[in-house]
Amino acid sequence: MTFIDIFYEAVRFVGTKKYVLTHSSATETMKDKLQEIVTNAALSAFAAGKLNSGEFGVVSIEETKTADHGDYATNFALAGASAQKMPPRKIAEAIIEHVVDPDGIIENIQIAGPGFVNFFISPPAWHPVIREVHEKEGLYGAVNIGQGRKVQVEFVSANPTGPLHVGHGRGAVTGDVLASILNFCGFVTDREYYINDAGRQIRTLGLSVYLRCRELTGQSVEFPEDAYRGEYIYEIAREILAESQDPGNDTIFKMDEDEAIASCARLAAQRILYGIREDLGQMGIGFDNWFSEQSLYDSGKVDDTIRMLKEKNLAYEADRATWFRSSDFGDEKDRVIVRGNGVTTYFASDIAYHLDKYERGYERVIDVWGADHHGYVARLGAAVSALGFAPGQFRVVLAHLVNLVRGGQPVSMSTRAGQFVTLREVIDEVGKDAARFIFLTRHHESPLDFDLELAKKKTNDNPVYYVQYVYARISSILKKAGSEHGISASDIADANLSMLTEPEEIQLMKQIARYPETMAGAAEMMEPHRIAYYLMDLASAFHAYYNKHRVLGGELQLCRDRLCLVTAVRRVIGNGLTLLGVESPETM
RNA sequence: GCGCCUGUAGCUCAGUUGGAUAGAGCAACGGACUUCUAAUCCGUAGGUCGGAGGUUCGAAUCCUCCCAGGCGCGCCA
C-alpha cells in the first residue's frame with residue numbers, strides 16, 4: 001500500500017458546484033441581433049444591385065467607446081471596400097437603405113468617420129435582457145460553448161515535499177475558476193491534481209526527515225545541500241518520533257536505512273499532502289481526482305508508452321539513451337525519455353500521464369503551470385501532437401509568479417533556507433475572498449504584487465469589497481421593499497420596465513447584456529480575470545446609479561421597475577462571484 | 001547565446017482578438033451623507049502606449065530589428 005492509497009482512504013471529496021446545461025443554443029445577444037440585421041441588409045442590397053459583390057465575410061459588430069458613436073458599430077463598409085470596389089460610405093448607405101428591423105431595437109442609424117455604421121439602441125430593446133436574467137436565474141450568461149464535451153483542468157500539482165506558497169495559490173485560483181467558467185459554459189469539467197510521488201524528490205524528502213529524526217535524538221548528521229530545510233521537516237520528524245512504539249524513540253533506527261528513509265518519505269508526503277488539501281480547502285478548492293504518478297509506473301503505463309513510441313518510430317536509441325523525436329513536432333531538440341542508466345525521466349511519465357488523460361475520454365486537456373515551467377510547454381505539446389491529438393486539444397495556461405509585499409515593501413523570502421510565507425498564512429491573514437479576488441485582478445500571464453495590507457483594507461482600494469458591497473446594498477433594499485413598502489417578489493417579477501429611462505438605468509441594462517459575451521470570451525480565451533473585471537465594471541455602474549437615484553419610495557410602478565432592474569444586477573453579481581468562488585454577503 | 005513573458009498616466013493595471021478622441025483604480029486637488037449601508041458617488045488634473053522601421057483605409061494590438069526587466073534553456077525533478 002502506497003501513501004496515496006492511504007491518502008484516498010481518508011479523503012472526502014470537497015464538492016464544487018457543477019452545472020449541467022440543457023439548452024443547446026447560445027443566448028442571442030444584442031450583437032447577434034445586429035449582426036443578423038446587417039447581414040440581411042447586405043444580402044438585400046446585393047440582390048437589389050446596390051452592392052457589387054455577394055462576398056462579404058463575417059460581419060463584425062463592436063461596442064463603441066463613446067456615446068456619440070451610438071451603442072454598437074460595424075466596420076462592414078470599411079472592411080468590404082476593396083471587395084466591393086466601392087467607397088466605404090457608399091457601401092454604408094446601401095446597407096442602411098436595406099435594414100429591416102422588425103422588433104424595433106434600433107432607434108437610430110448613422111454613418112460616421114470613414115464609413116462606420118453606428119447603431120443607437122432603443123431603450124425598451126434592453127428589457128428582454130432583464131427578463132432573461134430573472135427567468136434563467138443562476139444560469140443567465142451560461143453560453144453553451146462546450147455542448148457537453150469533456151474537459152479536464154489539471155492545476156496546482158505541487159510536489160508533496162513542502163507546504164504551498166502564494167504562487168501556488170495563484171495557479172490554484174486560476175485553475176479552479178477556469179474550470180468553473182468552462183463548466184458554466186457547457187463543458188463537463190473535472191479538476192485534477194497530479195501528485196509527483198515517484199522519483200527522487202520524494203526520496204530526498206524522506207532523507208531530510210530521517211536526518212532530522214537523527215538530529216533530534218542527538219545523533220550527529222551531515223545535512224546535504226539539496227535536502228529540504230523547512231521548519232515543517234522538523235515538525236514531521238518530531239511527529240514520527242512521538243508515534244514511535246519504542247520507548248527509546250528509535251523504532252525507525254532499527255530499520256535498514258533505506259527502509260527507514262522510505263518510511264519517512266511515505267509518512268512525510270502523506271502528511272504534507274493532507275496539509276495541501278486542507279489549505280486548498282480553505283481557499284474553497286476541491287478536486288474530482290488526485291492522480292498518482294507512481295500509479296503510472298505500477299500499472300506499466302510508462303513502459304507501455306515508451307514501447308509504443310518506439311514501435312511508431314517516434315522514439316529512438318542513441319548514446320545508450322532513448323530519445324523522443326520532439327524536434328519533429330515543433331520542439332527545439334529531441335528529449336531523453338530513458339536515461340543511459342535505464343531510469344526513465346519525468347518527461348516519460350508525463351507523456352504516459354497525458355495519454356492516459358485522453359484515454360479517459362477528455363476531449364480537451366488544460367494544464368495550469370507556474371511560469372517557471374514554461375520551457376516545458378513545447379516539449380509536452382510536441383508529445384501530445386505526436387500522439388495524434390490536435391493542437392486545440394491541449395493547452396497550457398501559465399500562471400506567473402507572485403511577489404508578496406506588505407505595505408509596498410517586499411516580504412523577504414528565502415526558499416533555500418526554507419523560510420517563506422505559506423499560502424495558509426496568507427489566507428488566514430487576509431481571508432479567502434480577498435485572496436481569490438486579488439489573484440484574479442491581473443491577467444494570469446502578468447506578474448502580480450500581492451500586498452497583504454491592501455488585501456485587508458476594507459476600502460475601495462480593495463476590489464473584492466467594492467463588488468460585494470453591491471450585493472449587500474441591493475439585498476438591503478430588497479428587505480426594505482418587502483418589510484416597509486409591502487412589495488412582493490411577484491410584484492417585482494411583473495414589473496413592465498417601461499419607466500426605466502434614466503441614462504444610468506440604460507447603462508446598467510446594457511452592462512448586464514454584456515455578461516454572456518464576456519463569459520464566452522473568458523471561456524474561449526481561458527482568461528478568468530475577465531469575469532473579475534466585468535464585475536468591477538458592473539459594480540461601478542450600480543454604485544453610480546445608487547448614488548443618483550432612489551429605488552424605494554417613489555411612484556409604485558417606477559419603484560417596481562427599479563426593483564426589477566436592481567434584482568437582476570444582484571443576480572448577475574451573485575452569479576459572477578459564485579463562479580470566482582467568492583461569497584455574496586447579504587450584509588456587510 | 002537561444003526561447004518565452006512583460007513594458008500603457010507619478011504608482012498598480014485594463015484595453016472586447018486590427019477600429020473612431022487610449023480607459024479604470026490608487027495617490028493629488030475640489031465637492032456630495034436629515035434620504036434604500038459614505039466599504040459609495042461626482043468633478044479637475046495627469047500620456048511620444050519602451051524605441052525605430054514596416055504591413056493598410058486604420059496599429060497599444062500584426063511583422064522585423066533594437067532597449068530594459070523577469071523566467072526558462074540538463075541523460076534534473
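Order of the sequence lines sets the chain letters (A, B, ...), proteins ahead of strands, with each chain counted from 1.
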Q. Between atom NZ in A:K333 and atom C1' in B:C73, what is the gap in whole Å?
A. 9 Å
Q) Roughly how far apart, to the nearest Å, are B:A45 and B:C11 at atom C1'? A) 16 Å
Q) When all nucleic acid strands are considered with a 4.0 Å heavy-atom cut-off, which category describes A:D537: base, sugar-phosphate, or nothing? A) nothing
Q: Taking only the side-chain heavy atoms of A:N547 (C-beta and beyond), determine which of B:C13, B:U16, B:C41 contains the nearest atom.
A: B:C41
Q: For A:H549, answer base if it contacts any base atom (sugar-phosphate contacts may also be present), sugar-phosphate if it contacts only those atoms, and nothing otherwise; contact means non-hydrogen atoms under 4.0 Å.
A: base
(Q) We want to know whether A:S488 and A:D491 form a side-chain donor-acceptor pair, criterion being a heavy-atom distance below 3.5 angstrom. (A) yes
(Q) Mind checking if A:K458 touches a base, just sugar-phosphate, or nothing, with heavy atoms under 4.0 Å? (A) base
Q | Donor on one side chain, acceptor on other, A:N75 and A:S60, under 3.5 Å | A | yes
**Q.** Nearest-nucleotide 5' precedence on RNA chain B, A:A544 against A:D372
**A.** A:A544
Q: Remember a base hit wins even if backbone is also touched, and classify A:A81 as base, sugar-phosphate or nothing at under 4.0 Å, heavy atoms.
A: nothing
Q: May I ask you to say what A:A321 touches in the nucleic acid, namely base, sugar-phosphate or nothing, with a heavy-atom cut-off under 4.0 Å?
A: base
Q: Classify the side chain of A:H374 versus the base of B:G3 as yes if they form a donor-acceptor pair under 3.5 Å and no if they do not.
A: yes
**Q.** Residue A:M588, side-chain atoms from C-beta onward, closest of B:C41, B:C71, B:U37
**A.** B:U37
Q: Name the residue closer to the 5' end of RNA chain B, choosing between A:G521 and A:R335 according to the nucleotide with the nearest heavy atom.
A: A:G521
(Q) Please classify the nucleic acid contact of A:E332 as base, sugar-phosphate, or nothing, using heavy-atom distances under 4.0 Å. (A) sugar-phosphate
(Q) Please report the distance separating the P of B:U44 from the corresponding atom of B:C2, rounded so that it comes out in whole Å. (A) 50 Å
Q. What is the nucleic acid contact for A:Y466, judged by heavy atoms within less than 4.0 Å: base, sugar-phosphate only, or nothing?
A. sugar-phosphate
Q: Name the orientation class of the two ring planes belonging to A:Y533 and A:H529 (parallel below 30°, tilted from 30 to 60°, perpendicular beyond 60°).
A: perpendicular
Q.
Base, sugar-phosphate or nothing for A:D451? Non-hydrogen atoms, less than 4.0 Å.
A. nothing
Q: Would you indicate what A:A112 reaches in the nucleic acid, counting non-hydrogen atoms under 4.0 angstrom: base, sugar-phosphate, or nothing?
A: base
Q. So does A:K458 have more than 12 non-hydrogen atoms from other groups sitting under 6.0 Å from NZ?
A. no
Q) With a 3.5 Å cut-off and just heavy-atom distances, do the side chain of A:N118 and the base of B:A20 make a donor-acceptor pair? A) yes
Q. Is the base of B:G19 touched by the side chain of A:N75 through a donor-acceptor pair closer than 3.5 angstrom?
A. yes
Q | Of the listed nucleotides B:G19, B:U6, B:U40, the one nearest the side chain of A:E445 | A | B:U6
Q. By centroid distance (under 5.5 Å) and plane angle (under 30°), are A:F116 and B:G19 in a stacked arrangement?
A. no
Q) Does the side-chain ring of A:H69 sit on the six-membered ring of the B:A20 base, less than 5.5 Å centre to centre and under 30° in tilt? A) yes
Q) Just checking, any donor-acceptor pair under 3.5 angstrom between side chains of A:Y545 and A:R562? A) yes
